[in-house]
Amino acid sequence: MKVLLTGANGQLGHCFQDRAPADWQIMATDRESLDITDMHRVEEVVAQFHPDLIVNAAAYTAVDKAEVEAELAQSINAVGPENLAKAAKGIDAAMIHISTDYVFDGSSSIPYKETDATHPLSVYGATKLEGEVAIQRVLPEAIIIRTAWVFSEYGNNFVKTMLRLAQGRDTLNIVEDQFGCPTYAGDLAEAIIRLYRQKVVGGIYHFCGDRQVSWKEFTDEIIATAYILKLITHRPEIKGIPTAEYPTAAHRPSCSTLSCQKIKSHGINPSDWALALNSCMSKLA
Ligand SMILES: NC(=O)C1=CN([C@@H]2O[C@H](COP(=O)(O)OP(=O)(O)OC[C@H]3O[C@@H](n4cnc5c(N)ncnc54)[C@H](O)[C@@H]3O)[C@@H](O)[C@H]2O)C=CC1
């Protein structure tokens, strides 16, 4: 079993390599070794390695910066996935791609199902949606997993940012009117492996954390965990603020909770993020 992994140096890329079954031969690539926007290079690598499965963990993930780098974001989040889908189709390989809750506008009061209408508010969300559509056009058998608020012991993420800020400040002002479900990248990696093994039909699947919180509530749990683990000696006060008081370049959905019923019907439970937060943060000690 041969797997071509793109974006191997990112959060999901690292976690996938940690969890891939021992008998899976992984070709771990990132931008320097395989720039997914370069179709010629994609074809070359796929022809040489001949994977059974392509896992695309590569993405342009700087949500605010994407507003001023729209072309680059589009190239990585839409053209790149389409290139991979074409290459997978050419050799009859399977493909698993990751998308985002930011394809929705967050105006729904109930968790989003895979079939709900999309309406991205940001360049990032729009380019990720374009990637989904391109893959489905080229390779309908591909599996697309939409996830949310990803954290891990690797790379840059909200958990690490809060930990760093907590070390130097007495007060943290955190947005309290945006809600979502934190997802541990290790649990997402496990979900990818299980979906592939179960040979589920192609299409979109939602996978995220099992409990919805605001960024402020998430921060409360991060700081409490950091204190218990002795990563910090002093607990800053966490003050909730409205989005209006923390303007960002990109608009974000106010509530982007994803319904995980479909993936649950395949025996894959949502990420128990509070449990994962503890084990992930212990690795940061
Ligand atoms: N981080 C988050 O909060 C969320 C992430 N997602 C999605 O989950 C997936 C995994 O995200 P993370 O692991 O957090 O991302 P990450 O930002 O940690 O890693 C992305 C990786 O892609 C690589 N990359 C960028 N451009 C490339 C190119 N042209 N060719 C090849 N590699 C390239 C980067 O070097 C990096 O190693 C992505 O599809 C992302 O859109 C979805 C929802 C939330």
Side-chain angles (χ1 to χ4, degrees), residues 4-19 27-42 45-46 54-66 69 71-84 87 95-104 106 112 120 122-132 134-135 142-162 178 180-189 191-192 204-209 215 218 250 252-253 256-258 271 273 280:
L4 172 61
L5 173 66
T6 62
N9 295 340
Q11 300 194 74
L12 174 61
H14 272 293
C15 287
F16 184 82
Q17 291 173 77
D18 289 347
R19 286 163 182 78
M27 181 177 185
T29 64
D30 207 282
R31 201 172 189 161
E32 304 69 37
S33 49
L34 177 55
D35 181 339
I36 62 168
T37 67
D38 180 346
M39 184 61 195
H40 175 69
R41 182 74 187 127
V42 167
V45 170
V46 167
I54 297 176
V55 174
N56 182 29
Y60 182 107
T61 54
V63 177
D64 290 311
K65 217 168 154 198
E69 287 190 341
E71 224 172 282
L72 180 62
Q74 197 265 351
S75 163
I76 299 170
N77 290 343
V79 178
E82 181 174 11
N83 289 343
L84 294 170
M95 177 171 171
I96 300 184
H97 170 78
I98 312 303
S99 191
T100 172
D101 55 336
Y102 283 10
V103 298
F104 296 113
Y112 284 99
S122 61
V123 168
Y124 169 74
T127 59
K128 293 293 291 185
L129 179 59
E130 211 186 310
E132 290 184 4
I135 291 173
I143 294 168
I144 296 171
I145 306 176
R146 290 194 189 126
T147 190
W149 295 28
V150 177
F151 68 92
S152 71
E153 58 274 39
Y154 300 112
N156 297 317
N157 56 62
F158 186 78
V159 172
K160 285 186 170 184
T161 302
M162 288 306 113
Q178 280 175 32
C181 297
T183 308
Y184 177 52
D187 292 337
L188 175 59
I192 291 172
I204 297 174
Y205 293 79
H206 287 173
F207 179 82
C208 64
W215 289 115
F218 190 27
R252 289 166 168 77
S256 56
T257 295
L258 302 172
S271 174
W273 64 260
C280 160

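Not measured: the values here are computed from a predicted model. Read the numbers this way: they start at 1 and go in the same order the structure lists the ligands and their atoms. Both backbone and side-chain heavy atoms feed into the values below; hydrogens, waters and symmetry mates do not.
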Starting from atom 23 (C) of ligand 1, find the nearest protein heavy-atom neighbour and note its residue, name and distance. D30 OD1, 3.4 Å
At under 4.0 Å between heavy atoms, which part of A185 makes contact with ligand 1: side chain, backbone, both or neither? neither
Heavy-atom proximity to atom 6 (N) of ligand 1, best of Y154, F151, Y60, Y124: Y124
Close-contact set for ligand 1 against K128 heavy atoms, below 4.0 Å: 38 (C), 39 (O), 40 (C), 41 (O)
Can you find a non-hydrogen atom of A57 under 4.0 Å from ligand 1? yes
Considering residues, nucleotides and ligands other than D18, do more than 12 of their heavy atoms fall under 6.0 Å from its CG? yes
Heavy-atom side-chain proximity of I98 to N56 below 4.5 angstrom: no
With heavy-atom distances below 4.5 Å as the criterion, would you say the side chains of N9 and E32 are in contact? yes
Can you confirm whether K160 is buried at NZ, in the sense that more than 12 heavy atoms of other residues, nucleotides or ligands lie under 6.0 Å from that atom? yes
Can an N or O of I36 be found at a distance shorter than 3.5 Å from an N or O of ligand 1? yes
Have a look at S33, A59, G10 and point out the one with the heavy atom closest to atom 22 (O) of ligand 1. A59
Pick out which of F158, F207, W215 makes a ring-ring contact (aromatic ring centres under 6.0 Å, His included) with W149. W215
Check whether any side-chain N or O of R146 sits under 3.5 Å from a backbone N or O of Y102 as a donor-acceptor pair, and report yes or no. no
Element-labelled atoms of ligand 1 that are located less than 4.0 Å from some non-hydrogen atom of D35: 28 (C), 29 (N), 30 (N)
Can you tell me which residue and heavy atom of the protein come closest to atom 44 (C) of ligand 1, and the distance to 0.1 Å? W149 N, 3.6 Å
Criterion salt bridge (Lys or Arg N to Asp or Glu O under 4.0 Å) on R252 and D64, from CA distance to verdict: CA-CA 10 Å; R252 289 166 168 77; D64 290 311; 3.0 Å; yes
Would you say N77's side chain and G131's backbone share a donor-acceptor pair under 3.5 angstrom? no
For atom 42 (C) of ligand 1, state which one of S75, A148, S99, A62 supplies the nearest heavy atom. S99
Counting each atom of ligand 1 from 1 as listed, which ones have a heavy atom of L12 under 4.0 Å away? 10 (C), 13 (O)
Give the contacting part of T61 toward ligand 1: side chain, backbone, both or neither, where contact means a heavy-atom distance below 4.0 Å. side chain
In terms of side-chain geometry, is the basic nitrogen of K128 or D101 positioned less than 4.0 Å from the acidic oxygen of its partner? no
Hey, is ligand 1 close enough to T37 that some N/O pair sits below 3.5 Å? no
Working for side chain to side chain contact (heavy atoms under 4.5 Å, CB included), residues V150 and N157: CA-CA 7 Å; V150 177; N157 56 62; over 6 Å; no
Based purely on interatomic distance, does V150 place a nitrogen or oxygen under 3.5 Å from a nitrogen or oxygen of ligand 1? yes
What protein heavy atom sits nearest atom 18 (O) of ligand 1, and how far away is it? Q11 N, 3.0 Å
Quick one: which of I98, V103, D101, T127 has a heavy atom closest to atom 8 (O) of ligand 1? I98
Check whether any side-chain heavy atom of N156 sits under 4.5 Å from a side-chain heavy atom of T161, and report yes or no. no
Determine whether the side chains of Y184 and Q11 contain a donor N or O and an acceptor N or O closer than 3.5 Å. no
When only distance counts, is T147 in polar contact with ligand 1, meaning an N/O pair under 3.5 Å? no
A58 heavy atoms, cut-off 4.0 Å: which ligand 1 atoms fall inside? 22 (O), 31 (C), 32 (N), 33 (C)
Can you list the atoms of ligand 1 that are under 4.0 Å from a heavy atom of I76? 26 (N), 29 (N)
Can you name the atoms of ligand 1, numbered from 1 with element, that are less than 4.0 Å from a heavy atom of L34? 30 (N), 31 (C)
